[in-house]
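Below is one structure, written out as structure tokens; comments come after it.
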Amino acid sequence: MGHDEENTAASTPTTTDQEEEAWNQRKEILIHDLSEKLINGDLPTQIEAARDIRKVVKKSSVKTRSKFATAGVIQPLVLMLVSPNIDACEASLLALLNLAVRNERNKVKIVTAGAIPPLVDLLKFQNGSLRELAAAAILTLSAAAPNKPAIAASGAAPLLVEILHSGSVQGRVDAVTALHYLSTCRETSNPILDATAVPPLLKLLKECKKYSKFAEKATALLEILSNSEEGRTAITNSDGGILTLVETVEDGSLVSTEHAVGALLSLCRSCRDKYRQLILKEGAIPGLLRLTVEGTYEAQERARTLLDLLRDTPQEKRLSSSVLEKIVYDIATRVDGADKAAETAKRLLQDMVQRSMELSMTRIQQRAASSTPSKITST
């Protein structure tokens, strides 16, 4: 008898299951109705449908986004992007943005439907709100690897750089992130950025927290730009350009320090005589020494190479960073034995970094004191 009761209970849907099923049925009807309005309605009806799609999708699952795409809403939304009606552009743009979020297949479908040319046109708009919504859409769509070649070839990058100059905070963040995504595209032979991107990137890096994700993307782009002569010249000519990279080496995250030291190394490798003194003048040595101990493997290698280039001794007499580390390790072995040598060597190197930083600070203070007038005129 007990088993019969259990089987009956198991086969009877609970109230929660019934409510969920009813909600799913209502959602299916809603998706169908909104799709019909968008596909077959006049412009005011389409605008209303696009706004409603955005509202539904914003609070729904990836599955719901896929169902809207299957119902055929992407193509009419893309067509609305070219409408002379601003409300239609904005409504379709927001709907497409929400359909693309966390749905790689929808991202690809939107680009395949022809969204990139009208989005690039919207990036040229004087209307700041629409322009930055288009930048957000480019960012979202460029996160999908299959879309990167088409977006990289579309001419969007220079327009995103313009947003770096004049956009809102969110607009500039979106533009940097989109450019960072596009910079990883392997299929394009031409660089997506030119030297005009250097001044706004340096300005943004100067203003942001050096350990932030934003700084990591900005320094990655600056390292790419440092590989061209025009980019190196722009970094040097920008007010505080080299200093900003040096400060990022000192205060950045593991990722941003690696890119920042990479950019400085690119400068020094291209012409040691031209860039060596410019980098030394900004007090780069302490941060580089610390990076040889605390950075990623790649950052440590780059820091050692740059330190070798910055030394004033002739090439054949120069004590390389790796030789210095071996000497310190040999001393540590004699002092504490082989078992503790690595730990002792690291501590000795850190002490050397600390002393070097203190000496650098003392020299900076002495220079500042010597340039301060001895008499201050009172008013």
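Just so it is clear, the values below take in all heavy atoms, side chains as well, and ignore hydrogens, waters and symmetry mates.
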Is a salt bridge present between Lys206 and Glu247, judged by a nitrogen-to-oxygen distance below 4.0 Å? no
Reported CZ-to-CZ distance for the pair Arg54 and Phe68, which is rounded to 0.5 angstrom: 13.5 Å
Check the surroundings of atom OH in Tyr275: do more than 12 heavy atoms from other residues, nucleotides or ligands lie under 6.0 Å from it? yes
List the steps and the verdict of side chain to side chain donor-acceptor pair (under 3.5 Å) for Ser168 and Glu132. CA-CA 8 Å; Ser168 67; Glu132 293 194 2; 2.5 Å; yes
Between Arg276 and Asp273, is the closest basic N to carboxylate O distance under 4.0 Å? no
Does Asn106 use its side chain to pair, donor to acceptor, with the backbone of Leu99 at less than 3.5 Å? yes
Would one find more than 12 heavy atoms of other residues, nucleotides or ligands at under 6.0 Å from atom NZ of Lys203? no
Do Ile192 and Leu222 sit in one hydrophobic cluster, given that two such residues count as connected whenever their side-chain heavy atoms are within less than 4.5 Å of each other, even indirectly? yes
May I ask you to say whether Glu48 pairs ionically with Arg51, meaning some side-chain N is under 4.0 Å from a carboxylate O? no
Keeping Arg65 on the side-chain end and Ala100 on the backbone end, is there a donor-acceptor pair under 3.5 Å? no
Check whether any side-chain N or O of Thr64 sits under 3.5 Å from a backbone N or O of Ser60 as a donor-acceptor pair, and report yes or no. no
Evaluate the side chain to side chain donor-acceptor pair (under 3.5 Å) criterion for residues Arg304 and Thr292: first the C-alpha distance (whole Å), next the side-chain angles of each, then the deciding distance (0.1 Å), finally the verdict. CA-CA 6 Å; Arg304 291 185 190 107; Thr292 63; 5.6 Å; no
Between Thr140 and Lys107, do the side chains contain a donor N or O and an acceptor N or O under 3.5 Å apart? no
Just verifying a value: how many Å separate Thr244 OG1 and Glu207 CD, rounded to the nearest 0.5 Å? 10.0 Å
If every non-hydrogen atom of Gly252 is compared with every non-hydrogen atom of Thr257, which pair is closest and at what distance? O-CG2, 3.5 Å
Contact check, side chains of Lys124 and Leu159, non-hydrogen atoms, under 4.5 Å: yes
Once you round to the nearest 0.5 Å, how far does CG of Leu202 lie from OG of Ser238? 5.0 Å
Side chain to side chain donor-acceptor pair (under 3.5 Å) for Ser253 and Ser256? Distances and angles first, verdict last. CA-CA 5 Å; Ser253 69; Ser256 55; 3.2 Å; yes
Could you report the tightest heavy-atom contact between Ala113 and Val78, atom names first, then the distance? O-CG1, 3.6 Å
Nearest heavy-atom neighbours spanning Pro146 and Pro149: O-CD, 3.6 Å
Minimal non-hydrogen separation, Leu309 against Arg269, with atom names: CD1-CG, 3.9 Å
Given Leu133, which partner from the list Leu97, Leu96, Leu119 fulfils the side-chain contact (heavy atoms from CB on, under 4.5 Å) test? Leu97
Quick check for you: to the nearest 0.5 Å, what is the distance between Lys55 atom NZ and Leu94 atom CG? 11.5 Å
Return yes when atom NZ of Lys37 has more than 12 non-hydrogen atoms of other residues, nucleotides or ligands closer than 6.0 Å, and no otherwise. no
With distance as the sole test, does Ser266 use its side chain to make a donor-acceptor pair with the main-chain N or O of Ser226 at under 3.5 Å? yes
Decide whether Phe125 and Ile116 are clustered together by the hydrophobic rule: side chain heavy atoms of Ile, Leu, Val, Met, Phe, Trp, Tyr closer than 4.5 Å, transitively. yes
Heavy-atom side-chain proximity of Lys27 to Lys67 below 4.5 angstrom: no
Same cluster or not: Ile235 versus Ile224, using hydrophobic residues (I, L, V, M, F, W, Y) connected whenever any side-chain heavy atoms lie under 4.5 Å apart? no
Under the side chain to side chain contact (heavy atoms under 4.5 Å, CB included) rule, what do Ile47 and Asn85 come out as? Steps first, then yes or no, please. CA-CA 10 Å; Ile47 293 171; Asn85 184 304; 4.0 Å; yes
Before giving the answer on side chain to side chain contact (heavy atoms under 4.5 Å, CB included), spell out for Arg131 and Leu122 the whole-Å C-alpha distance, their side-chain angles and the decisive distance to 0.1 Å. CA-CA 6 Å; Arg131 185 174 70 147; Leu122 289 173; over 6 Å; no
For Glu216 and Lys210, what are the C-alpha separation, side-chain angles and deciding distance, and is it a side chain to side chain contact (heavy atoms under 4.5 Å, CB included)? CA-CA 8 Å; Glu216 292 176 359; Lys210 303 295 185 291; over 6 Å; no
Kindly give the heavy-atom pair with the smallest separation between Ala49 and Leu38, and that separation in Å. CB-N, 3.9 Å
Hey, could you give me the CG/CG distance between Leu288 and Leu306, rounded to the nearest 0.5 Å? 5.0 Å
Measuring from atom CD of Glu258 to atom CG of Leu254, what distance do you get when rounded to the nearest 0.5 angstrom? 8.5 Å
With a 4.5 Å cut-off on side-chain heavy atoms, are Leu164 and Leu179 touching? yes
Would you check if there is a donor-acceptor pair between the side chains of Ser66 and Asn103 at a distance under 3.5 Å? yes
Hphob cluster co-occupancy, Val161 + Val120, side-chain heavy atoms under 4.5 angstrom: yes
Heavy-atom distance under 4.5 Å between the side chains of Ile285 and Leu280, does that happen here? yes
Does the Lys217 side chain pair with the main chain of Val176, one donor and one acceptor, at a distance under 3.5 Å? no
Should Asp33 and Ile29 be marked as a side chain to side chain contact (heavy atoms under 4.5 Å, CB included) after you check the CA-CA gap, both sets of side-chain angles, and the distance that decides it? CA-CA 6 Å; Asp33 289 348; Ile29 293 168; 3.5 Å; yes
State, without any angle test, whether Gln46 and Asp42 hold a side-chain donor-acceptor pair at a distance under 3.5 Å. no
Could you check whether any side-chain N or O of Ser166 sits under 3.5 Å from a backbone N or O of Ile163, counting only pairs where one atom can act as donor and the other as acceptor? no
His32, NE2 atom: more than 12 neighbouring heavy atoms under 6.0 Å: no
Please name the pair of heavy atoms, one in Ala71 and one in Ile39, separated by the smallest distance, quoted to 0.1 Å. O-CD1, 3.7 Å
Let me check something: do Tyr211 and Leu243 share a hydrophobic cluster, defined by ILVMFWY side-chain heavy atoms less than 4.5 Å apart, either directly or through other members? no
More than 12 foreign heavy atoms under 6.0 Å from NZ of Lys274: is that the case here? yes
Has Ser83 got a side-chain atom pairing as donor or acceptor with Leu79's backbone, closer than 3.5 angstrom? no
Do Val101 and Val62 make a side-chain contact, defined as non-hydrogen atoms from C-beta onward lying under 4.5 Å apart? no
Side chains of Leu77 and Met80: closer than 4.5 Å at any heavy-atom pair? yes
